[in-house]
Amino acid sequence: MSIADAEPVPFPGFDQLLLDYPTMQAVLREPRYASWRTALSSVLGVYLITDTRSGKHYVGKADGRESIRQRWGAYAANGHGGNVELRGLDPSGFRFSLLRVFDPSTPPREIDLAERHFKDALDSRRHGLNRN
């Protein structure tokens, strides 16, 4: 008797992506999420992490140096991705979503401007988890 591989989970699309921390970790390592990894590897973008315990937001970006998959891989590895304000928080309460996706050829300045806009729109510097 053997255990069959889990059925592949279809990628819901970038606009429908809403992942809690354990699911985000599963997406980055489990074979059933292969299509998700392919999709997340193909784009850059601005993302939102919500600490569901406090309701505070962190707006981040994956720009010309790394895809969304690579950037979220850093969070999966250590829970904070190197961000000072996220260190010391329990990542099991984090929820990940995409605010805007970009083609890999998008100039970094355009992604920077979008990230700045969402930080302003969500007031994540004053009432959230962004320092800059």
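Across all non-hydrogen atoms, the minimal contact from Asn132 to Lys119 is OD1-NZ, 2.8 Å. Between Arg32 and Ala6 the shortest heavy-atom distance is CD-CB, 3.6 Å. Asn78 and Gly81 get closest at one heavy-atom pair: OD1-N, 2.7 Å.
Taking a cutoff of 4.0 Å between a charged side-chain nitrogen and a carboxylate oxygen, Arg126 and Asp123 qualify as a salt bridge.
For the ring-ring contact (aromatic ring centres under 6.0 Å, His included) criterion with Trp36, the lone passing option out of Trp72, Phe14, Phe11 is Phe11.
In this structure, Leu122 is not a member of the same hydrophobic cluster as Leu98, with clusters built from ILVMFWY side-chain heavy atoms closer than 4.5 Å. In terms of hydrophobic clustering, with Ile, Leu, Val, Met, Phe, Trp and Tyr side chains grouped at heavy-atom distances under 4.5 Å, Leu48 and Val27 are assigned to different clusters. Note on Val43 and Phe102: separate hydrophobic clusters, where clusters join Ile, Leu, Val, Met, Phe, Trp and Tyr whose side-chain heavy atoms are under 4.5 Å apart, directly or indirectly. The hydrophobic clustering, which links ILVMFWY residues whose side-chain heavy atoms are closer than 4.5 Å, places Ile68 and Phe118 apart. There is no path of hydrophobic side-chain contacts, each under 4.5 Å, that joins Leu99 to Leu17.
Under the 3.5 Å distance criterion, the side-chain polar atoms of Thr52 are matched with a main-chain donor or acceptor of Gly93. No side-chain donor-acceptor contact under 3.5 Å links Lys61 to the backbone of Pro108. Using a distance-only test at 3.5 Å, with no hydrogens or angles considered, no donor-acceptor pair links the side chain of Asn83 to the main chain of Leu86. Distance alone, capped at 3.5 Å, places no donor-acceptor pair between the Arg87 side chain and the Gly79 backbone.
Note that CZ of Arg71 is 14.0 Å distant from CG of Leu40, once rounded to the nearest 0.5 Å. Atom CZ of Arg116 and atom CZ of Arg109 lie 6.5 Å apart (nearest 0.5 Å). One distance of note links CE of Met24 with CG of Leu18; it measures 12.5 Å at 0.5 Å rounding. Between the CD atom in Glu30 and the CD atom in Gln25 there is a gap of 10.0 Å [rounded to 0.5 Å]. Taken to the nearest 0.5 Å, the CG atom of Asn130 stands 10.0 Å off from the CG atom of Asp120. The distance from the CD1 atom of Ile49 to the NZ atom of Lys56 is 15.0 Å, given to the nearest 0.5 Å.
Side-chain atoms of Thr23 and Asp20 include a donor-acceptor pair closer than 3.5 Å. Side chains of His57 and Ser124: a donor-acceptor N/O pair is absent below 3.5 angstrom, by distance only.
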Should Arg37 and Ser67 be marked as a side chain to side chain donor-acceptor pair (under 3.5 Å) after you check the CA-CA gap, both sets of side-chain angles, and the distance that decides it?
CA-CA 10 Å; Arg37 289 190 298 279; Ser67 68; over 6 Å; no

For a ring pair (Phe, Tyr, Trp, His ring centres under 6.0 Å) check, start with the C-alpha distance between Phe96 and Tyr75, then their side-chain angles and the critical distance, and finish with the verdict.
CA-CA 10 Å; Phe96 293 76; Tyr75 294 104; 5.7 Å; yes

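Between Leu44 and Ile111, some side-chain heavy-atom pair lies under the 4.5 Å cut-off. Using a 4.5 Å cut-off on side-chain heavy atoms (C-beta onward), Thr50 and Phe94 make no contact.
Contacts of Glu85 classified as side-chain hydrogen bond (donor to acceptor under 3.5 Å, both in side chains), with partners at least two apart in sequence or in another chain: Arg131. Qualifying ring-ring contact (aromatic ring centres under 6.0 Å, His included) partners for Tyr58, counting only residues two or more places apart in sequence or in other chains: none.
Taking a 6.0 Å sphere around CG of Asp15, one finds it holds 12 or fewer heavy atoms contributed by other residues, nucleotides or ligands.
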